[in-house]
Protein chains: 2
Amino acid sequence: MNIREIAERAGVSRSTVSYVLSGKRQVTEVTRLRVMSVIDEAGYRPSAMARALAHGETRTLGLVIPPLHHHLSSEQLQFVGAVAEAAADRDYDILLSPSGGDREEAFDRLVGERKVDGILLMETRWHDRRARLLTEMGFPFVTIGRTGAEREHAWVDLDYSGLVAESMRQLFALGHRNIAFINRPQEMLDQEYGPALRSLEAFENARTRLGVDGLARCCEDSASGAHSVIDDILEVVPAVTAVLTINEQALGGVMEALQRHGRRVPQDVSVMAIASVRVATQVQPAVTAADVPAEQMSQQAVDALLRRISDPGTALEHLLLSPSFLDRGSVGPARR
Amino acid sequence: MNIREIAERAGVSRSTVSYVLSGKRQVTEVTRLRVMSVIDEAGYRPSAMARALAHGETRTLGLVIPPLHHHLSSEQLQFVGAVAEAAADRDYDILLSPSGGDREEAFDRLVGERKVDGILLMETRWHDRRARLLTEMGFPFVTIGRTGAEREHAWVDLDYSGLVAESMRQLFALGHRNIAFINRPQEMLDQEYGPALRSLEAFENARTRLGVDGLARCCEDSASGAHSVIDDILEVVPAVTAVLTINEQALGGVMEALQRHGRRVPQDVSVMAIASVRVATQVQPAVTAADVPAEQMSQQAVDALLRRISDPGTALEHLLLSPSFLDRGSVGPARR
DNA sequence: TTGAAAGCGGTACCAA
DNA sequence: TTGGTACCGCTTTCAA
């Protein structure tokens, strides 16, 4: 069933059918109704491919996701669902491209074969080949998380630096003078993963500025990773009174491990985190944290991308989100 | 840059360029090389849309995912990544369609506008509107997880019934006569979610058959959900010696809660699960479990779908996987 | 207000 | 071994 057949059945030309569907030109109400009834009766829907070819836009966005063997935390994956929904709300579809590491064919297919109108890049690194490539090609894209070339492209990101600094201020104000920071795994730091990098830097800066003791540790994205890191921290700095982490995969393990060591939260140790609401509320006890607002970020990334596609000339959008810390009772004054 | 331009630069016809690219007809080595060098020099890649239109296939598969407000467990999301990789390995792309609930437009777009060659359906329910629709339309699709109409379409599924029965046998053999089963949330049962349904049934059957005491409980997909369920179970049946669960989101909470109640694993209580390796190994202590082999299932689903697309006439493939339980030490003889 | 026809960028058949 | 050309199904300009 194609547009020609509809045209014949309705006794009009193909262009009239097209205009009835697009509304881009006046059509007498009577013919419009006739055409519409034929369309409904036939259950006709225009071919997306043909439209894309003629019209020059696919109404599809590419989403580049990291390959499985990388640590894609389940919460990173929430972005995938959120992006798909945000796009669907705007009548766009999302084409997935597992990329990074050795599998770049899918990525090349998306841009090279023009299967998509624009691209969303997530899990970006400081030196990001794909971002560089897209910039060079002038292909519309937005990253979720910055790269080292942040002025060169549009992005949406969480202000890890600011959030870490803010939490350090809050802890300091409560009398904490010995604070531990639990980061993402060492290898992510090695790969110049933005949040790990910026958070660590902000932690060390705040520590120096405020004159606070403590230490930073990388930690595997797992409960068991958290157990060993807490063991390590309590051995090296038994006097620690607060723990700050951006590793939500480890958060549950952190709470367990502290309990195992007989440290009560918040009486003995305060815990603060940057983590999704889900994780922060599900651990026992719940943790005072700044949300990672995946849905909001995804929507804004999609909107920013659609704007870049329709107005490639306008200024690049840079959106730094800084959600506030929600008190869930895991933070208290420092034990003397 | 299009095929005409390449043809002109190489001094051949468009068809020759096309044949050089597809290899569907003999081309003299010398012209082949000439054409290839022009192509490389120009960085030319044929337009996917034009090819799709002419050739009648999009080389894209649709993946229908449940909307966010449903319980998008990390386990489910692993499938998304795994399916994308499996497809990429076969030079196919994956188009995401959030569906279920009130958002069906994206789904209709995929099939109605023929954006994809076939569809993978996940999170299927017993009565599944989408599966029914696709069956009626004769559209190629494969489900990950069965529906009530399992003979009507191809599927890949985990044998929850068999696995639950098997674990009950193993526990029985170890002397357990009082076994609790922890299911997915009540609402998933209400929605006739296959694994929840079949597992519960298998549990009750085994209990009757073996003459074992115990009880089944639904449980929210979270640690806190697990805590209350374990509280409940230990209050109702203090003599319980084994816990079996298919709720991997709750597994960590189950272990914590047992510990909180002073029950050691496996000395006081044995724990068995159907869960991803990642979760089963990350909880403390690790749990003896049957893997949910997401990667394997995704690959097989993609392959089955590609076969359906190329040979729509062949028999529907039904693939029931039954991974074996991997001993991680959380199961022991029943305490007397 | 509507129709005819030239694209969009490929594929593949029919000739040569 | 290669070229010419009629599609694929839709959009949009130009004419009527």
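This is a predicted model, so every value here is computed, not measured.
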Run the side chain to side chain contact (heavy atoms under 4.5 Å, CB included) check on Arg45(B) and Val111(A) step by step: do they pass? CA-CA 10 Å; Arg45(B) 303 206 55 170; Val111(A) 287; over 6 Å; no

Which donor-acceptor pairs under 3.5 Å do the side chains of residues 46-55 of chain A make with protein atoms, sequence neighbours left out?
| from | atom 1 | to | atom 2 | distance (Å) |
| --- | --- | --- | --- | --- |
| Ser47(A) | OG | Met49(A) | N | 3.3 |
| Ser47(A) | OG | Ala50(A) | N | 3.1 |

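The main-chain N or O of Val30(B) is never found under 3.5 Å from a side-chain atom of Thr28(B) such that the two would form a donor-acceptor pair. For the pair Ser18(B) (side chain) and Arg14(B) (backbone), a donor-acceptor distance under 3.5 Å is absent.
At least one side-chain heavy atom of Ile119(B) sits under 4.5 Å from a side-chain heavy atom of Leu110(B). Within the 4.5 Å cutoff, no side-chain heavy atoms of Thr147(B) are placed close to those of Trp126(B). Using a 4.5 Å heavy-atom cutoff, the side chains of Arg9(B) and Met1(B) are in contact.
From one end of the helix from dT1(C)-dA16(D) to dA16(C)-dT1(D) to the other, with five pairs defining each end axis, the axis direction shifts by 40° (rounded to 10°).
Sorted by first and then second residue, the salt bridge (Lys or Arg N to Asp or Glu O under 4.0 Å) pairs involving residues 54-63 of chain B (not counting sequence neighbours) are Glu57(B)-Arg59(B).
Between Arg109(A) and Glu105(A) there is no salt bridge, since no side-chain nitrogen of the basic residue lies less than 4.0 Å from a carboxylate oxygen of the acidic one.
To the nearest 0.5 Å, the span separating CG on Asp128(A) from CD on Glu152(A) amounts to 13.0 Å.
Applying a 4.0 Å cut-off to non-hydrogen atoms, the residues of residues 27-40 of chain B that approach DNA chain D are Val27(B), Thr28(B), Thr31(B), listed by residue number.
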Assign a letter to each nucleotide of nucleotides 6-13 of chain C from its 5' end: B, base within under 4.0 Å of a protein heavy atom; S, sugar-phosphate only; -, no contact. BBBBBBBB

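For DNA chain D, the contact window with chain B, defined by any atom under 4.0 Å from a protein heavy atom, covers dT1(D) to dG9(D) in 5' to 3' order.
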